[in-house]
Engineer: 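Pasting in a structure now, in structure tokens, and then I'll have a few things to ask.
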Protein chains: 2
Amino acid sequence: MANTKTEGGEILSRLKSGGYRLTKIRKSLVQFILNKKGHWTIQDLVNDAKHLIPKLGVATLYRTVSLLHKENLLTETRLGGASARYEVSTQEHHDHLTCVSCGEIFEFENDRIEELQRQIAKKLGFKLIDHRMELFGECQRKPCKFKSKR
Amino acid sequence: MANTKTEGGEILSRLKSGGYRLTKIRKSLVQFILNKKGHWTIQDLVNDAKHLIPKLGVATLYRTVSLLHKENLLTETRLGGASARYEVSTQEHHDHLTCVSCGEIFEFENDRIEELQRQIAKKLGFKLIDHRMELFGECQRKPCKFKSKR
DNA sequence: ATACGTGCAAACATTTTGCAGCTCG
DNA sequence: CGAGCTGCAAAATGTTTGCACGTAT
């Protein structure tokens, strides 16, 4: 797929017409963030973006992420006392499997479940539009990347 | 229904055989918490439990809630907001089907889906602990009671 | 020019932890 | 008695905010 890395040009224009100023920092940050894969925390961003913009402050990261979240370009997930995790919003649907120990989030998709969901909705007289499913469990990886709370 | 308020006797014995000590504070706290309705925060608890146990410290609340959560007697939720919310776990699991037009919520349960969820978790190396599933659709009733909010 | 963006540090909010004393078993 | 529970305060996290200065428009 040629589209893995987006230039973000259209998104930048969209932000601009939304009344946001396009500073150098914001431009490279938005582009950087929207090209990130998986579920990351602000802390991840702090580490990764240091190379990009040496004197970047955390506040800017929080503010930028918040901005993108407000614009529905990022999806937020939270669990336990851990920090919020974000992922770039996608059209393609998927569900989440979250480790309650380490906070890691895995994605999955299962057609049979989706089919059953449609059946259930139908039986209850609904036309299914969307759904959200989140599983919680404990991953077997030792050690878990983060501290266990047990 | 005669069972709205539980004495918590069996739960206390269960905690006891689980190796926990039944101090006065813990007993009244557990009983108090498990009779709470709806989704509350620790902060709510701080306010409410002051009447119950005047010199109660926050740490004890956190520790007790954590204990009950570990014992699967409380379910934790964290939706975007700052602090975690808890609710008393119900044995009867159910999922939600929400009408995006009228806001009505239907509950359902489907064993096949639950089974598939377990399979998915297993395949991904997880021990499944809990899940949350919400379907969104349009019910056929016309007119719908509320405006669309989604 | 000026309103908005940024870095820095301080403030905040929530949750965890260390420790001395208390209590259950 | 002794391990576990408690309150208190301090600390650890994660996030927000005030302010002086910088930059896009």
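Below, chain A is the first sequence line, B the second, and so on; all start at residue 1.
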Engineer: Report which part of the nucleic acid A:K16 touches: base, sugar-phosphate, or nothing (heavy-atom distance under 4.0 Å, all strands).
Structural biologist: sugar-phosphate
Engineer: Just how far, in rounded Å, is P of C:dC8 from CG of A:L56?
Structural biologist: 9 Å
Engineer: B:Q43 has an atom CD; how far is it from atom P of C:dT15, in whole Å?
Structural biologist: 9 Å
Engineer: Let me know, please, whether A:T23 or B:I25 comes out on the 5' side of the other along DNA chain D by nearest nucleotide.
Structural biologist: B:I25
Engineer: Taking the minimum atom-to-atom distance to the side chain of A:R21, which one of D:dT6, D:dT23, D:dG4 wins?
Structural biologist: D:dT23
Engineer: Show every donor-acceptor pair shorter than 3.5 Å between a side-chain atom in residues 54-63 of chain B and any protein atom, with sequence neighbours excluded, or say none if there are none.
Structural biologist:
none

Engineer: Quick one: B:L12 CG to C:dC24 P, roughly how many Å, whole number?
Structural biologist: 14 Å
Engineer: Specify the separation, in whole Å, of atom OH of A:Y20 and atom P of C:dA3.
Structural biologist: 19 Å
Engineer: Would you call B:D48 and B:F32 a side-chain contact if the rule is heavy atoms closer than 4.5 Å?
Structural biologist: yes
Engineer: Apply side chain to side chain donor-acceptor pair (under 3.5 Å) to A:E87 and list each qualifying residue two or more places apart in sequence or on a separate chain.
Structural biologist: A:H39, A:H94, A:H96
Engineer: To the side chain of A:S83, which of D:dT15, C:dG25, D:dC5 is closest?
Structural biologist: D:dT15
Engineer: Quick one: list whatever passes side chain to side chain donor-acceptor pair (under 3.5 Å) with A:E134, sequence neighbours left out.
Structural biologist: A:T98, A:R132
Engineer: Rounding to a whole Å, what distance do you find between B:R26:CZ and C:dC24:P?
Structural biologist: 12 Å
Engineer: Quick one: does any side-chain atom of A:R14 pair with a main-chain N or O of A:E71 as donor and acceptor, under 3.5 Å?
Structural biologist: yes
Engineer: Given atom CG of A:L15 and atom P of C:dC4, what is their separation to the nearest angstrom?
Structural biologist: 16 Å
Engineer: Applying side chain to side chain donor-acceptor pair (under 3.5 Å), can you list everything that pairs with A:E109, at least two apart in sequence or on another chain?
Structural biologist: none
Engineer: Please name all residues satisfying side chain to side chain donor-acceptor pair (under 3.5 Å) with B:N110, sequence neighbours left out, ordered by chain then number.
Structural biologist: none
Engineer: Near DNA chain C, under 4.0 Å by heavy atom, which residues of residues 58-74 of chain A?
Structural biologist: A:A59, A:T60, A:R63
Engineer: Would you mind telling me which of D:dT6, C:dG25, D:dG7 lies closest to the side-chain atoms of B:L22?
Structural biologist: C:dG25
Engineer: What is the distance from CD1 of A:I42 to P of D:dT16, rounded to the nearest Å?
Structural biologist: 8 Å
Engineer: Between B:L52 (CG) and D:dG7 (P), how many Å, whole number?
Structural biologist: 12 Å
